[in-house]
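Reviewing the structure listed below.
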Amino acid sequence: MTPKHAILAIGLACAAVTPAAAQDLPARIKTAGKVVVANQPNYPPMEYKDPATNQLKGLDIDLGLALAKELGVKVEWSDIGFEQMISSLTTGRVDLIHSGMSDLPKRRETLDFVDYMKSGAQFYTSFERKDEFKVPTDLCGKKVAMSRRTSFPDETATWSKTNCEAAGKPPIQVVGSEGSADARAQLKQGRVDGAVQGSETLPYLISLEKDTYQIVGAPFTAVLQGIAFPKAETGLRDAYAGALKRLIASGEYKKIFDSYGLGVTMLDTVLINGEAVK
């Protein structure tokens, strides 16, 4: 893996800037001709590196490039650890975050989000234990791994209080992992009984690794994923919202989501901080 703060430049042929797009973008972005985007490629199919070519791939990558093309700029991807993305954004090291980040109320205190898909926290277990864990409450009292850098630990603890402890069952033992890949590794090694990650990623993983994972129940949260901007960068935020709206209207947005089998996660309209954009 590249160093945590290494910047990966991904070439994108610069499309002719339409007058509308040129007017939308802040002057510093137009002058630079690029946006610097925080992304950590360890969350397939949203963002990952092709093992054969080491090139960035994924829905977030394709959508990010399509949005930049719509705005007439290039993308410079910055590989930053998820826990450092927000500080990198608020200190100006990157222009925006596009890396499977959930639009959470507490994050809106310092960030604005252009929401682009629906997601949710999802329990799963190993395929060999599918008969042991048929419904989520079968995981009460069990060890369940999830990335400690995400909202999953708090969401799982809240779910456990309502569905396990309130019913007189032992609570889920939340095991914080270094990331979703680490959680999957612990599951494979038998160190935990189950795991949690975004519902949009599991069908892809199951298709790659046959008879390895088993989804348990339905997603137990409903959350929006968004592209994050500093509160002060309303111009760039609104430019991206406009570009996303145009991609939805042209059908390019649907084409990207369908190519990853994630049509069910699409939004009908552009949202900023969960509110529809007129």
- Are any non-hydrogen side-chain atoms of Gln197 and Tyr124 less than 4.5 angstrom apart? yes
- Task: Measure the spacing between CG of Asp62 and CE of Met46 and express it to the nearest 0.5 Å.
- Result: 10.0 Å
- Message: Please tell me whether Tyr213 and Phe127 form a close aromatic pair, meaning their ring centres lie under 6.0 Å apart.
- Response: no
- Message: To the nearest 0.5 Å, what is the distance between CH2 on Trp159 and SG on Cys164?
- Response: 4.5 Å
- Message: Could you measure the distance from the CG atom of Leu67 to the CD1 atom of Ile227? Nearest 0.5 Å is fine.
- Response: 5.0 Å
- Query: Is Lys143 salt-bridged to Asp193, cutoff N-O under 4.0 Å?
  - Reply: no
- Message: With rounding to the nearest 0.5 angstrom, report the OG to CZ distance, Ser151 to Arg107.
- Response: 6.0 Å
- Message: Determine whether Phe220 and Phe123 satisfy the following criterion, ring pair (Phe, Tyr, Trp, His ring centres under 6.0 Å), listing intermediate values before the conclusion.
- Response: CA-CA 8 Å; Phe220 61 93; Phe123 290 118; 4.3 Å; yes
- Message: Does Val174 form a side-chain contact (heavy atoms from CB on, under 4.5 Å) with Val144? I'd like the steps, not just the answer.
- Response: CA-CA 5 Å; Val174 174; Val144 180; over 6 Å; no
- Task: Taking all heavy atoms of Cys140 and all of Asn163, pick out the closest pair and write down the distance.
- Result: SG-O, 4.3 Å
- Message: Under a 4.0 Å threshold between the charged nitrogen and the carboxylate oxygen, would Asp95 count as salt-bridged to Arg28?
- Response: yes
- Taking atom types as modelled, is there a side-chain donor on Asn273 or Asp112 under 3.5 Å from an acceptor on the other? yes
- Message: Which heavy atom of Trp77 sits nearest to which heavy atom of His98, and what is that distance?
- Response: CZ3-O, 4.3 Å
- Task: Dump the intermediate steps for side-chain contact (heavy atoms from CB on, under 4.5 Å) on Glu47 and Lys57, then the final yes or no.
- Result: CA-CA 6 Å; Glu47 42 263 321; Lys57 290 185 175 295; over 6 Å; no
- Query: Atom OG1 in Thr125, atom CG in Asp138: separation rounded to 0.5 Å?
  - Reply: 10.0 Å
- Message: Regarding Glu70 and Lys245, does a basic nitrogen lie under 4.0 Å from an acidic carboxylate oxygen?
- Response: no
- Query: Under 3.5 Å, side chain of Gln214 to main-chain N/O of Asp131, donor-acceptor pair present?
  - Reply: no
- Query: Same cluster or not: are Leu104 and Phe113 linked, directly or through other Ile, Leu, Val, Met, Phe, Trp or Tyr residues, by side-chain heavy atoms under 4.5 angstrom apart?
  - Reply: no
- Tell me whether the guanidinium CZ or amine NZ of Lys254 lies under 6.0 angstrom from the six-membered ring centre of Phe257 and within 45° of its axis. no
- Hey, are Tyr240 and Asp24 close enough side-chain-wise for a donor-acceptor pair under 3.5 Å? no
- State, to 0.1 Å, how close Gly120 and Val223 come at their nearest heavy-atom pair, and which atoms those are. N-CG1, 4.0 Å
- Locate the shortest heavy-atom distance separating Ile272 from Asp115; write the atom from each residue and the value. C-OD2, 4.2 Å
- Query: How far apart are the C-alpha atoms of Thr269 and Val277, what are their side-chain angles, what is the distance that settles it, and do they pass the side-chain contact (heavy atoms from CB on, under 4.5 Å) test?
  - Reply: CA-CA 8 Å; Thr269 188; Val277 176; 5.8 Å; no
- Task: Classify the side-chain pair Tyr260/Glu200 by whether it contains a donor and acceptor separated by less than 3.5 Å.
- Result: no
- Query: Quick one: CG on Leu262 to OG on Ser119, what's the gap to the nearest 0.5 Å?
  - Reply: 9.5 Å
